[in-house]
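Report on the structure given below.
Each ligand, and each atom within it, is numbered from 1 in the order the structure gives. Numbering starts at 1 and runs along the sequence shown.
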Amino acid sequence: MPLRILVGTQWGDEGKGRIVDLMSAESHYVVRYNGGDNAGHTVTVGKQTFKLHLVPSGIIHPHTIGILGNGLVINPRSLLSEIEMLRAAGIEVSPTRLKISFGAHLITQGHIALDKAKELARGKGQIGTTGRGIGPAYTDKASRSGLRIFDLLDLNQLVVKMRMHLEQVNQILLSQFKAEPLALSPILEEMLNHARFLQPYIADTGAILDQALRDNQIVLAEGAQGILLDIDHGSYPFVTSSNVTATGVFSGLGIGIRVVESVTGATKAFQSRVGAGPFPTELDGEMATRLRGTGANPWDEFGTTTGRPRRVGWLDGVLLRYARRINGLTDLVLTKLDVLSGLETISVCNAYMDEQGQKVDTPAMGVCELERYQPVYTQLEGWQENLTGLRSWTDLPEQAKVYVRFVEKISGLPVSMVSVGPERSQIIVVPRE
Ligand code: GDP
Ligand code: IMO
Ligand code: MG
């Protein structure tokens, strides 16, 4: 059963990219199944840092084959510039190494214009989207009027469909948003060029993966975003438009469910959120600045895709248990433990207080109405040592070990690894007690 799944257990940016990079060392296929270039996954290998938005993070290992599944929405312009970036960095990306499902949907300049116009119109109710056209592309998919990667194979038909799509977009931009219409010709021309380039990459990726799994090859599914941004299970409406969770893997790849070996949850040792929506353990003031950083370090909490400062807060065990349930997690990898060094005490939320003053382990309605709850904290002793040079569990300060074991206790899951820096080698395997 060689399908391994790696998902984010919070609001994204848990360090999925760097964990996928590690897990890719023994994977044959590295695959994305949801989202688009709203994702920003960072992989640091030696002096090189890669920020990946569409291409699976595991592509950095030269032996892997990358797959973009049918569950994605793909902006060809972003994909091409990412392929160029990787090639310039010496990573081979060719049709033999990267395959794109014919069933994935296209993001056009029309979707991007609509995303931006809709956000503006929302005013104070803004979601804070990444502005990448994700919502409008999935809207077209669900309303059965989308363009698919398949449509890139027939250039004549592509022009007809694109023209119809852009004319509709222009009508909406004008009538609903009083926004400037888009000029069609340059968009059509660009899409045709992209189509010519991408045609050799297009494949029936579900069939390829099915064969690979039958041959006992290891397939690693890389989630984008985090569960709390899932369209069905996240803090709606402050969510993205795809199924982020492990269940999205099967519909997003076109494979059956019997092949799962593990479902690992990437979990940051504290929490962050970029964009609007509830965040029970959110901090402000000095402690927030301390956890976020100032931007001086590459790993400080500023969006990989948009550069926006991320909101930050303490780890939330209530939401972690929710992530375990919805994803069927088998283990956690705890990232950024090094960032907690130097704190006197560390707070961890393990329950909520509702408006009646009742302590609850689980909110009544999932993650709806999270703003009604106050976090109940357990205080743990901090540690002063710098963890970034440590590679073995026995070398970790006692308080850091207590922290990791506490996360295991409140989540009900084993922590298999902790990371103590962004670089590939900055990882510690956690022994079973
Ligand atoms: P993703 O979207 O889940 O892949 O995460 P991002 O790449 O958007 O954000 C995670 C950031 O934290 C990146 O800058 C990583 O290089 C960095 N990072 C990952 N793990 C660690 C860690 O253990 N310690 C530190 N200091 N940085 C880390
Ligand atoms: P990775 O894969 C963090 C957030 C946006 C916004 C909401 C909807 O790097 O963890 P969208 O553009 O998807 O319609 O925006 O989702 N968001 C992310 N936040 N990490 C991400 O990806 C995100 N992808 C989308 O900020 O709040
Ligand atoms: Mg990210």
Side-chain angles (χ1 to χ4, degrees), residues 6-22 32 34-45 49-54 56-57 73 75 107 111-112 114-116 118-119 126-139 222-231 234-242 244 265-277 279 291-293 295 297-311 333-341 386-388 390 417-428:
L6 186 282
V7 289
T9 62
Q10 295 158 334
W11 275 289
D13 304 325
E14 298 89 350
K16 295 178 294 295
R18 63 105 67 229
I19 303 304
V20 164
D21 172 64
L22 284 180
R32 279 274 307 270
N34 80 296
D37 61 339
N38 49 349
H41 298 175
T42 315
V43 179
T44 305
V45 187
T49 292
F50 301 90
K51 290 180 190 299
L52 296 148
H53 301 284
L54 274 167
S57 304
V73 284
N75 176 345
I107 296 183
H111 293 129
I112 293 170
L114 283 179
D115 193 3
K116 290 180 178 160
K118 281 185 180 178
E119 274 287 87
Q126 279 192 1
I127 292 167
T129 73
T130 57
R132 301 295 171 111
I134 305 294
Y138 278 117
T139 301
E222 169 181 359
Q225 293 86 48
I227 180 182
L228 302 168
L229 290 170
D230 183 275
I231 181 80
S235 52
Y236 193 89
F238 300 101
V239 294
T240 189
S241 301
S242 68
V244 167
T267 304
K268 195 160 9 194
F270 50 100
Q271 284 197 188
S272 68
R273 174 164 206 170
V274 54
F279 185 168
L291 292 180
R292 181 184 305 113
N297 302 306
W299 56 84
D300 286 348
E301 296 293 341
F302 293 82
T304 309
T305 300
T306 59
R308 291 177 287 178
R310 295 176 185 151
R311 300 156 66 195
V333 176
L334 199 60
T335 61
K336 294 192 114 169
L337 194 63
D338 54 301
V339 174
L340 297 183
S341 287
N386 180 335
L387 307 186
T388 56
L390 305 183
M417 293 185 282
V418 296
S419 72
V420 290
E423 215 276 328
R424 197 179 259 176
S425 64
Q426 290 178 300
I427 197 88
I428 294 175

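- Every N/O-N/O distance between Glu14 and ligand 2 stays at or above 3.5 Å.
- With sequence neighbours excluded, no residue satisfies ring-ring contact (aromatic ring centres under 6.0 Å, His included) with Phe238.
- At a heavy-atom distance under 4.0 Å, only side-chain atoms of Arg308, from C-beta outward, approach ligand 2.
- Near ligand 1, Asp13, Glu14, Gly15, Lys16, Gly17, Arg18, Gly40, His41, Thr42, Pro298, Trp299, Thr304, Arg310, Lys336, Asp338, Val339, Ser419, Val420, Gly421, Pro422 each place a heavy atom less than 4.0 angstrom from the ligand.
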* Asked: Under the side-chain hydrogen bond (donor to acceptor under 3.5 Å, both in side chains) criterion, do Arg308 and Thr306 qualify, and how do the steps go?
  -> CA-CA 5 Å; Arg308 291 177 287 178; Thr306 59; 3.0 Å; yes
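- One side chain, Ser57 or Glu222, offers a donor N or O that lies under 3.5 Å from an acceptor on the other.
- For atom 15 (O) of ligand 2, the closest non-hydrogen atom of the protein is Thr129 CA, 3.3 Å.
- Considering backbone and side-chain N/O of Gln225, one or more are found under 3.5 Å from N/O of ligand 2.
- For ligand 2, none of its N or O atoms has an N or O atom of Ser241 under 3.5 Å away.
- Scanning all protein heavy atoms for the shortest distance to atom 6 (C) of ligand 2 gives Gly128 O, 3.1 Å.
- Atom 13 (O) of ligand 2 has Thr240 OG1, 2.6 Å as its closest protein atom, hydrogens excluded (heavy atom only).
- Under 4.0 Å from ligand 2, not a single heavy atom of Phe238 appears.
- Residue contact check for ligand 2: Gly40 places a non-hydrogen atom closer than 4.0 Å to it.
- Using a non-hydrogen distance threshold of 4.0 Å, Arg273 does not register as a contact of ligand 2.
- Taking a cut-off of 2.8 Å, the protein N, O or S atoms nearer than that to the Mg ion (ligand 3) are Asp13 OD1, Gly40 O.
- Nearest to atom 3 (C) of ligand 2 among the protein's heavy atoms is Asp13 OD2, 3.2 Å.
- Arg424 meets the salt bridge (charged side-chain N to carboxylate O under 4.0 Å, His left out) test with Asp21; sequence neighbours excluded.
- Looking at Thr130, Leu229, Val239 and measuring to atom 8 (C) of ligand 2, the nearest heavy atom belongs to Val239.
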